[in-house]
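I have placed the structure first, in the form of structure tokens, so that the comments after it can refer back to it.
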Amino acid sequence: MLISLRHRRVLFSTVLMDSWYATVNIMKAIMALDKTFYCPIKANRKIDDSGGQTPYRRADALSWTPAEEKTGKTVKLWKFSQDTRLKLFRVASLPIARIISLPTI
């Protein structure tokens, strides 16, 4: 899809995608186009937030400081080159409202 947009000369600066597309190859392709992208990552994604001081950890095992919760955390995703850093944000989930279907009287 990205390549077809480029050939059709569609102007865009940002890519919004689902976690299904959050693969190393797709993210690298977007970065090669010098575009910004936003995508959720799966909880089991291997991440290094220590600058190589500790082994990779699951995304859901990361600890967050109050400052990082506001401004994001610079991390390295597993299988990316050593110099590729991405900004990771934590999104607080809100309780989902339940819709209850009541019979009409």
Side-chain angles (χ1 to χ4, degrees):
M1 279 193 282
L2 290 172
I3 294 169
S4 71
L5 290 174
R6 192 169 172 195
H7 289 301
R8 294 186 335 216
R9 298 183 182 168
V10 175
L11 300 177
F12 67 99
S13 62
T14 307
V15 177
L16 178 63
M17 59 187 175
D18 190 14
S19 62
W20 178 265
Y21 298 99
T23 65
V24 173
N25 289 339
I26 292 175
M27 288 189 271
K28 283 182 178 180
I30 296 168
M31 289 187 292
L33 294 172
D34 200 29
K35 305 297 181 188
T36 301
F37 63 89
Y38 297 94
C39 61
I41 59 170
K42 295 186 178 185
N44 65 349
R45 190 73 181 251
K46 293 180 184 179
I47 295 177
D48 175 22
D49 65 341
S50 70
Q53 301 299 316
T54 60
Y56 286 92
R57 296 185 287 165
R58 291 172 50 109
D60 60 356
L62 295 176
S63 58
W64 292 78
T65 66
E68 289 171 335
E69 287 190 1
K70 290 181 182 178
T71 62
K73 176 186 285 241
T74 303
V75 300
K76 180 187 172 304
L77 297 180
W78 188 61
K79 291 193 175 180
F80 270 86
S81 65
Q82 281 300 111
D83 61 338
T84 302
R85 303 282 178 199
L86 300 173
K87 192 76 156 192
L88 183 66
F89 293 90
R90 185 175 181 186
V91 178
S93 60
L94 300 173
I96 299 172
R98 296 179 188 248
I99 299 174
I100 301 172
S101 174
L102 298 175
T104 56
I105 302 177

To the closest 0.5 Å, what do you measure between [atom1] ([X]) and [atom2] ([Y])?
X     : Y     : atom1 : atom2 : value
Arg58 : Lys46 : CZ    : NZ    : 10.5 Å
Asp60 : Arg45 : CG    : CZ    : 13.5 Å
Leu77 : Arg85 : CG    : CZ    : 10.0 Å
Asp48 : Tyr56 : CG    : OH    : 5.5 Å

[atom1]/[X]: more than 12 non-hydrogen atoms of other groups inside 6.0 Å:
X     : atom1 : result
Lys70 : NZ    : no
Phe80 : CZ    : yes
Asp18 : CG    : yes
Trp64 : CH2   : yes

**Study point:** Side-chain donor or acceptor of Lys35 paired with backbone N/O of Phe12 under 3.5 Å
**Key:** yes
Check your understanding: Hey, is the main chain of Ser63 close enough, under 3.5 Å, to the side chain of Lys73 for a donor-acceptor pair?
Key -> yes
When you compare the side chain of [Y] with that of [X], does any pair of heavy atoms fall below 4.5 Å?
X     : Y     : result
Lys28 : Lys79 : no
Ile47 : Ile41 : yes
Leu86 : Phe37 : yes
Leu62 : Leu88 : yes
Thr84 : Met31 : yes

Check your understanding: Looking only at heavy atoms, which two atoms of Ala22 and Pro40 are closest? And how far apart?
Key -> CB-O, 3.9 Å
Practice item. Check the side chains of Asn25 and Thr23 for a donor-acceptor pair under 3.5 angstrom, ignoring hydrogens and angles. Key: no
[X] and [Y]: same hydrophobic cluster, using ILVMFWY side-chain contacts below 4.5 Å?
X     : Y     : value
Tyr21 : Leu5  : yes
Val15 : Trp20 : yes
Val10 : Ile30 : yes

